[in-house]
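See below for the structure under consideration.
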Amino acid sequence: MPSATSIKEASRILGDSFVGPADAAFALGFASSLGDIPVPHSPQTLQTMRDAGEMLIWRYADVGATPLTIMELVRRQPTLVDARFLQKMGYQLKDEWGIELEPSASTATCTGGWGVVLKDVLKESLNVAYEAQDDFLAAYGKRIGSAVRRRTAVEITYDTLILWMTRQQRVLERTWDWSSTRTTDGGYLNIGGFSKNGLQIFSYSRAVRHGALGVCPARVTNE
């Protein structure tokens, strides 16, 4: 069993890189009933996360009976998502495409619970294709001693918007995180470019590479 830390202590250690259940709930417009549930990481692990540039965030899968899908997050915070790219903007595989046309955008949600993720993309994962990014992802996991994975598209959207709404931190401002979420024609969603115009959601095939497209490793295990 991993060591546990109180929310108060986790907040002290991580500062603005920590978003607990109460803060996330407030940003989403409801009151949390979870109370001071423990964080499943020791203070030493939290310090390691802080030093590595990771954040710890509580994810909700739904608000009441409403699933928190990408499109529900867009509906709740329309000014935080760049509306120009929601539909019919086109990308490498299609002349007309937008996230509104993807079934997963209206069905997939985060798994409720704690998430730990690097706040910006791995520098070594930039300007390489999808498979090569997987190699750098695995190498990062070995460095920190934890299994890691790509985030899903809804996790990236949730984490980025909630961090801004609760801590006024704008991550992925000039970079894009390439998710594990596939589009209907075999591309993979990537989210970023979070400027004052709002968060952008694109999709590329596995062969694409450019200097701002990378991956933010998310921890799989509790320690």
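The basis for the numbers below is simple: all heavy atoms, side chains too, and nothing from hydrogens, waters or symmetry mates. All figures in this text were calculated on a predicted structure; none of them were measured in a lab.
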Side chain to side chain contact (heavy atoms under 4.5 Å, CB included) between L161 and R76: does it pass, once the steps are laid out? CA-CA 11 Å; L161 296 184; R76 287 172 175 266; over 6 Å; no
In sequence, state the C-alpha distance, the side-chain angles, and the governing distance for I191 and D177, and then conclude on side chain to side chain contact (heavy atoms under 4.5 Å, CB included). CA-CA 5 Å; I191 295 97; D177 184 11; 5.7 Å; no
Report the C-alpha distance between I156 and L172 in whole Å, list the side-chain angles of each, state the deciding distance to 0.1 Å, and finish with yes or no for side chain to side chain contact (heavy atoms under 4.5 Å, CB included). CA-CA 10 Å; I156 301 170; L172 297 177; 3.9 Å; yes
Mind running side chain to side chain contact (heavy atoms under 4.5 Å, CB included) on E155 and V117 for me, showing each step along the way? CA-CA 10 Å; E155 288 174 338; V117 63; over 6 Å; no
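For the atom pair CD1 of I37 and CH2 of W58, the computed distance is 3.5 Å after rounding to the nearest 0.5 Å. L14 contributes atom CG, which lies 9.5 Å from atom OG1 of T5 (distance to the nearest 0.5 angstrom). Atom CZ in R170 sits 11.0 Å away from atom OG1 in T160 (nearest 0.5 Å). Separation of atoms CG (L163) and OG (S17) is listed at 7.0 Å; rounding is to 0.5 Å. If you take CD1 on I99 and OG on S106, they are separated by 8.5 Å, rounding to the nearest 0.5 Å. Note: F194 CZ to T157 OG1 = 10.5 Å, rounded to the nearest 0.5 Å.
Both tests pass for R150 against the ring of Y130: distance under 6.0 Å to the centre and angle within 45° of the axis.
D62 and T109 share no donor-acceptor pair across their side chains, judged by distance under 3.5 Å alone.
No chain of hydrophobic side-chain contacts below 4.5 Å, direct or via other Ile, Leu, Val, Met, Phe, Trp or Tyr residues, connects L118 to L46. A single hydrophobic cluster is not seen to contain both L122 and L213; linkage of ILVMFWY side chains at heavy-atom distances under 4.5 Å, directly or through other members, places them apart. In the hydrophobic cluster analysis, where Ile, Leu, Val, Met, Phe, Trp and Tyr join through side-chain heavy atoms closer than 4.5 angstrom, I144 is grouped apart from I57. Residues Y60 and W164 fall within the same hydrophobic cluster, defined by Ile, Leu, Val, Met, Phe, Trp and Tyr side chains chained together at heavy-atom separations under 4.5 Å. Under the 4.5 Å side-chain heavy-atom criterion for ILVMFWY residues, no single connected hydrophobic cluster contains both V128 and L137.
Scanning both residues, Q133 and G214, for their nearest heavy atoms gives NE2-CA, 3.4 Å. Taking all atoms of both residues into account, the shortest heavy-atom contact from A153 to S179 is N-CB, 3.6 Å. Closest of all the heavy-atom pairs between M165 and A27 is CE-O, 3.0 Å. When all heavy atoms of P21 and I7 are compared, the pair lying nearest together is CD-CD1, 3.8 Å. Nearest heavy atoms, L189 versus S104: CD1-OG, 4.4 Å. Among all heavy-atom pairs drawn from C110 and Y158, the shortest one is SG-CB, 3.8 Å.
Within a 6.0 Å sphere centred on CZ of R209, heavy atoms belonging to other residues, nucleotides or ligands number 12 at most. Atom CZ of R174 has 12 or fewer neighbouring heavy atoms from other residues, nucleotides or ligands inside a 6.0 Å radius. Annotation: F26, atom CZ; neighbour count of heavy atoms from other residues, nucleotides and ligands within 6.0 Å does not exceed 12.
No side-chain heavy atom of L199 sits less than 4.5 Å from a side-chain heavy atom of L80. For the pair S180 and R149, the minimum side-chain heavy-atom distance is 4.5 Å or more. Within the 4.5 Å cutoff, the side chain of I162 has heavy atoms near those of the L28 side chain. Looking at heavy atoms from C-beta onward, E72 lies out of side-chain contact with P67 at the 4.5 angstrom threshold. M49 is not listed as a side-chain neighbour of I13, based on a closest heavy-atom distance of 4.5 Å or more. Looking at heavy atoms from C-beta onward, V116 lies in side-chain contact with H41 at the 4.5 angstrom threshold. Taking the side chain as every heavy atom from C-beta outward, F136 and V215 never approach each other to under 4.5 Å. Looking only at side-chain heavy atoms (C-beta outward), E100 and V74 stay at 4.5 Å or farther from each other.
No donor-acceptor pair closer than 3.5 Å links the side chain of E9 to the backbone N or O of S6. Without hydrogens or angle criteria, D16 side chain to R167 main chain gives no donor-acceptor distance under 3.5 Å. Although no hydrogens or angles enter the test, the distance criterion places no donor-acceptor pair under 3.5 Å between the side chain of E102 and the main chain of T183.
A salt bridge links R59 to D159: at least one charged side-chain nitrogen sits closer than 4.0 Å to a carboxylate oxygen.
In this pair, W176 and F202 present their aromatic rings parallel. The plane angle is below 30°, not in the 30 to 60° band.
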